[in-house]
> 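Sharing a structure here in structure tokens format.
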Amino acid sequence: MTYNKLKLGQTIGIIGGGQLGKMMAQSAQKMGYRVVVLDPDPTCPCQYVAHEFIHAAYDDMAALERLGQLSDVITYEFENIDAEQLQRLTATYNVPQGDQAITLLQDRLTEKETLQQAGVQVVPFHHVATAEALDDAVEALGYPFMLKTRFGGYDGKGQLLIRSAQDLEAALTLVAEHECVAEQFLMLEREVSLTATAGQNGQIVYFPLQENEHRDQILFKTIVPARVDQTVQARREVEKITQAIHFIGTFTVEFFIDQDGQLFVNEIAPRPHNSGHYSIEACDYSQFDTHILAVVGRDLPTDITLLKPAVMMNLLGKDLDLLEKQFDTHPEWHVHIYGKEVRKPARKMGHMTLLTEDVNETEQEMLTLFEGRNV
Ligand code: ADP
Ligand code: MG
């Protein structure tokens, strides 16, 4: 198979200029590439690091075309790009990731169906497009269950926990506005995720399994290596997924582990992921470095080495309020601030990674430190 390899000094176009785009751009620039970013927010984090910035809506086809003309390769930082527009770009420009992964994964229903067909264990689910289908879902799944919009959700947005018949009214309101997928609510023992990068030469490299804790459905902390026994099993599930979905670049599979130790695939992000941020300091290659190597057509390292165990804490607006005065005296926290103009209590403003010989002890220190966050 032939593919376009970029030369040093050539240009990578990134759709989306948030923190993921920014960290991608920083890896790209370190390696000697130019970066053009398209984002609707003129104050987005990437604005300050891109060589060139296109201020336009994600679905502005003329602006996407302009990005194509300015770039030698196009990649993206998020999955909610219009699949048809991405297909049009793919037909004319160098988009090694193609549009299959985005098309399948931006739709929770096709995502789950694809996973099932690939022989991967997913949480029992039911397609809910109508009030009748909601009744069927209650029958099929029982209470409690999660109702999630089929398209467009992230960080728990577009999700409702339906505990009993009392919550059905709220469920009906959501279903009237958005097609949904209902999913059995699991009593979770743990959540883990596996980040991997696929090269254009067929190579796939895996990062170590990551253990995640969410609070209010937003990632709170990641601990690596994950303190679970399902590492090999998780890798096997990802291998099945890569048979069914064509990935290029970095992607992450999120898993649930229930109280019986059963492993379920929750969802897949076809891009670098919040739970992989620790790799910047803790691994010999970051998830952004390997993503850039893949999209520019270079070889990937044969292995990723975890140089030191790590605890990654997200910094929401309320965490920054709580902790920023302490940054001056804690150089060991490896603080990343994304550069978003407006600080909001539940908005991801940054993250920090602590390298440690004892993740249990560091985790306890962080839990104590972050205790004030929810008040
Ligand atoms: P998002 O696209 O917002 O990341 P997820 O489906 O990953 O949506 O849900 C966010 C978080 O909500 C999960 O990481 C988990 O903590 C919780 N959650 C979601 N679905 C379930 C479920 N079926 N059972 C238990 N917890 C769930
Ligand atoms: Mg998720």
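Start at 1 and go down the list; that is how both ligands and their atoms are numbered.
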> Look at atom 13 (C) of ligand 1 and say which protein heavy atom is nearest, naming residue and atom and giving the distance to 0.1 Å.
E191 OE1, 3.4 Å
> Ring pair (Phe, Tyr, Trp, His ring centres under 6.0 Å) for F145 and F125? Distances and angles first, verdict last.
CA-CA 9 Å; F145 63 90; F125 65 94; over 10 Å; no
> Using a 4.0 Å heavy-atom cut-off, say whether N212 meets ligand 1 through its side chain, its backbone, both or neither.
neither
> Considering only heavy atoms, does R108 approach ligand 1 within less than 4.0 Å through its side chain, its backbone, both, or neither?
side chain
> Just which atoms of ligand 1 are under 4.0 Å from any heavy atom in E183?
20 (N), 21 (C), 22 (C), 23 (N)
> Give the numbers and elements of all ligand 1 atoms closer than 4.0 Å to a heavy atom of M146.
20 (N), 21 (C), 22 (C), 23 (N)
> Relative to the heavy atoms of E254, which atoms of ligand 1 are at a distance of less than 4.0 Å?
7 (O)
> Rounded to the nearest 10°, what angle sits at the Mg ion (ligand 2) between OE2 of E254 and OE2 of E267?
90°
> Can you tell me if H127 and E113 form a side-chain donor-acceptor pair at under 3.5 Å?
no
> Quick one: nearest non-hydrogen protein atom to atom 5 (P) of ligand 1, plus distance?
Q159 NE2, 3.4 Å
> Where is the nearest protein heavy atom to atom 4 (O) of ligand 1: which residue, which atom, and how far?
E267 OE2, 2.8 Å
> What is the nearest protein non-hydrogen atom to atom 24 (N) of ligand 1, stated with its residue, atom name and distance?
L186 N, 3.0 Å
> Mind checking whether Q184 contacts ligand 1 via backbone (N, CA, C, O), side chain (CB onward), both or neither, at a 4.0 Å heavy-atom cut-off?
backbone
> Is the gap between the ring centers of F251 and H273 under 6.0 Å?
no
> As an exercise, identify every atom of ligand 1 less than 4.0 angstrom from a heavy atom of L188.
25 (C), 26 (N)
> Mind running side chain to side chain donor-acceptor pair (under 3.5 Å) on Q262 and D260 for me, showing each step along the way?
CA-CA 6 Å; Q262 276 205 81; D260 301 324; 4.9 Å; no
> Could you check whether R271 makes a cation-pi contact with Y76, meaning its NZ or CZ is under 6.0 Å from the centre of the six-membered ring and within 45° of the ring axis?
no
> Does some non-hydrogen atom of M187 fall short of 4.0 Å from ligand 1?
no
> Between R150 and E111 (salt bridge meaning N to carboxylate O under 4.0 Å), is one present in this structure?
no
> For atom 21 (C) of ligand 1, what's the nearest protein heavy atom and its distance?
F256 CZ, 3.5 Å
> May I ask you to decide whether K112 forms a salt bridge with E183, counting only side-chain N to carboxylate O separations under 4.0 Å?
yes
> Considering only the protein, which heavy-atom contact is closest to atom 6 (O) of ligand 1, and what is its distance?
K148 NZ, 2.6 Å
> Using the test side chain to side chain contact (heavy atoms under 4.5 Å, CB included), find all partners of R236 that sit at least two apart in sequence or belong to another chain.
V232, E239
> Which option, Q217, R215, H214, E213, owns the non-hydrogen atom nearest atom 17 (C) of ligand 1?
Q217
> For atom 3 (O) of ligand 1, grab the closest protein heavy atom and report residue, atom and distance to one decimal in Å.
G156 N, 2.5 Å
> Check the side chains of T149 and E179 for a donor-acceptor pair under 3.5 angstrom, ignoring hydrogens and angles.
no
> Give the intermediate values and the outcome of ring pair (Phe, Tyr, Trp, His ring centres under 6.0 Å) for residues H351 and Y278.
CA-CA 9 Å; H351 71 266; Y278 72 94; 9.8 Å; no
> Tell me the contacting part of F185 for ligand 1: side chain, backbone, both, or neither, using a 4.0 Å heavy-atom threshold, strictly below.
both
> Can you tell me which residue pairs pass the side-chain hydrogen bond (donor to acceptor under 3.5 Å, both in side chains) test with a partner in residues 52-65, sequence neighbours excluded?
D39-Y58, E65-Y93
